[in-house]
Amino acid sequence: MANYKKTTRQQLKILVLGGFGFIGTSVVSLLSKKYHYVQAASRKNGLNLLHEYPTKKYFQTFAPDAIINCAAHKGSVHYDLTYPADIAQNNLRMNLNIYKAAQSTCPKAVIINLIPNCTYPGDLLVQKENEWLNGPVHPSVWSYANTKRMLQALSVGYWNQYGIVSKNYIIPNVYGPGDSIDPQKTHALNGLIIRMLLAKRDSENTCEIWGTGKPKREWIFVEDVSRAIELNLENIQPQLDPINIAQNKAYSITQIAIMIRRISQFKGRLIYNTSYPDGAPVKKLNDSIFRSRYPNFHFTDLQKGIQQTVLYYQKLIYPPNTTTT
Ligand SMILES: NC(=O)c1ccc[n+]([C@@H]2O[C@H](COP(=O)([O-])OP(=O)(O)OC[C@H]3O[C@@H](n4cnc5c(N)ncnc54)[C@H](OP(=O)(O)O)[C@@H]3O)[C@@H](O)[C@H]2O)c1
């Protein structure tokens, strides 16, 4: 295995773009335990990736050995359908600026990209790497998913022309502590937890599920994403063909809702608001490549992950001394 030559393990300089976001926060927290130089960057602390020159200056100043690209302009399916032009434009521009800046200021840095599994063909039931581009993405995620396909194309072009090393990972829907509390912005499973806890707090008789509850999805706990990124961080071989970080398990939204209902002890009924689009019927990722490379990787059990997430949101939603029975 080829490793970074000039820097020892602890000295590796790691730049986490989108480092204050949902996944970025978890990545920073995990890697900071092992590496001295882990820098989170986003507009929050002055890095706007939409601007080419400031991005170059930032990369030049920090001089990263590894760039973990957790930055994106994204939202719910509804958001993607409402703002497709903004999503396309901003994601393409950010990713272009990242590669241009890396090429001109830190060409030895390894770039790690997180690609959502909605980039698979929309009608594929089990998403296997060799079928990744064998058809169009689902129309409900057209803009967002296609910019992520383009990100992988950029990584291939920059490797072929400039020798920039990238690693591309495909990940399913992420859940876990640390996400936004705004139900409109948060990710699907976390959003459902928030809505159920709010319904419980307000003694509602029902909790609304967006869509029919039938689509099946694969879920990954946010800390598992960070641990998977860390696995291969010091290897400088490119991984241009994306590999799934996967378990090959899918659960329907209704199954998940029933689990959350039991864990959060919400006593009301689940009702379905079918004016929300469902998206693709099934998204499950084949795990054979991941399993063969990392046979000892342990994924967090869904129930335990949901328990931790419910606890996290309970602390945010229930003020001290609130009765929640
Ligand atoms: N969450 C999932 O279920 C999931 C699944 C598969 C793949 N992914 C991928 O994983 C990555 C991280 O996702 P996430 O869920 O952590 O997203 P998130 O919580 O929305 O975080 C995105 C981050 O991008 C930053 N950002 C947006 N525009 C920016 C700009 N112009 N300049 C600099 N930073 C900017 C935001 O920070 P500021 O607003 O402070 O700038 C934010 O920290 C994304 O690439 C996403 O596609 C996520």
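Values below: every heavy atom of this structure, side chains too, minus hydrogens, waters and symmetry copies. Both counts, for ligands and for their atoms, begin at 1 and track the order of listing.
At a 4.0 Å cut-off, at least one heavy atom of Lys74 sits close enough to ligand 1 to count as contact. Contact between Ala41 and ligand 1 is absent, with no heavy atom of the residue lying under 4.0 Å from the ligand. Under a 4.0 Å heavy-atom criterion, Tyr175 is not in contact with ligand 1.
Under a 4.0 Å criterion applied to the non-hydrogen atoms of Lys148, ligand 1 contributes the atoms 44 (C), 45 (O), 46 (C), 47 (O). Every atom of ligand 1 with a heavy atom of Leu47 under 4.0 Å away is listed here by number and element: 32 (N), 33 (C). For ligand 1 and Gly21, the ligand atoms under 4.0 Å from any heavy atom of the residue are 19 (O), 21 (O), 43 (O).
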Let's go through Gln39 and Tyr58 carefully: what are the C-alpha distance in whole Å and the side-chain angles of both, what is the deciding distance for side-chain hydrogen bond (donor to acceptor under 3.5 Å, both in side chains) to 0.1 Å, and is it a yes or a no? CA-CA 11 Å; Gln39 171 87 39; Tyr58 198 99; 3.1 Å; yes

Salt bridge (charged side-chain N to carboxylate O under 4.0 Å, His left out) between Lys56 and Glu52: does it pass, once the steps are laid out? CA-CA 6 Å; Lys56 280 187 181 163; Glu52 184 180 340; 3.2 Å; yes

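Across the listed options Arg93, Arg43, Arg217, Lys44, Arg43 owns the non-hydrogen atom lying nearest to atom 26 (N) of ligand 1. Across the listed options Ser42, Ala40, Pro116, Ser42 owns the non-hydrogen atom lying nearest to atom 36 (C) of ligand 1.
Side-chain rings of Tyr144 and His138 stay apart, their centers remaining 6.0 Å or farther from each other.
At a 4.0 Å heavy-atom cut-off, ligand 1 does not touch Asn117 at all. Proximity of Asn173 to ligand 1, defined as any heavy-atom pair under 4.0 Å, is confined to the backbone N, CA, C and O atoms. At a heavy-atom cutoff of 4.0 Å, ligand 1 is contacted by no atom of His73, backbone or side chain.
Between Leu49 and ligand 1, at least one pair of N/O atoms sits closer than 3.5 Å. For the pair Phe22 and ligand 1, the shortest N or O to N or O distance falls below 3.5 Å. Considering backbone and side-chain atoms together, Ile115 places no N or O closer than 3.5 Å to any N or O of ligand 1. For ligand 1, the polar-atom distance check against Gly19 finds no nitrogen or oxygen pair separated by under 3.5 Å.
Between the side chains of Asn97 and Thr55, no donor-acceptor pair is found at a separation under 3.5 Å. Under the 3.5 Å distance criterion, with hydrogens and angles disregarded, a donor-acceptor pair is assigned to the side chains of Asn117 and Gln127. Under the 3.5 Å distance criterion, with hydrogens and angles disregarded, no donor-acceptor pair is assigned to the side chains of Tyr35 and Asp65.
For the ring pair (Phe, Tyr, Trp, His ring centres under 6.0 Å) criterion with Phe299, the lone passing option out of Phe221, Tyr294, Phe290 is Phe290. If you run ring pair (Phe, Tyr, Trp, His ring centres under 6.0 Å) between Tyr99 and each of Tyr158, Phe59, Trp159, only Tyr158 comes through.
For the pair Phe62/Leu47, no side-chain contact is recorded, criterion being any heavy-atom separation below 4.5 Å from C-beta on.
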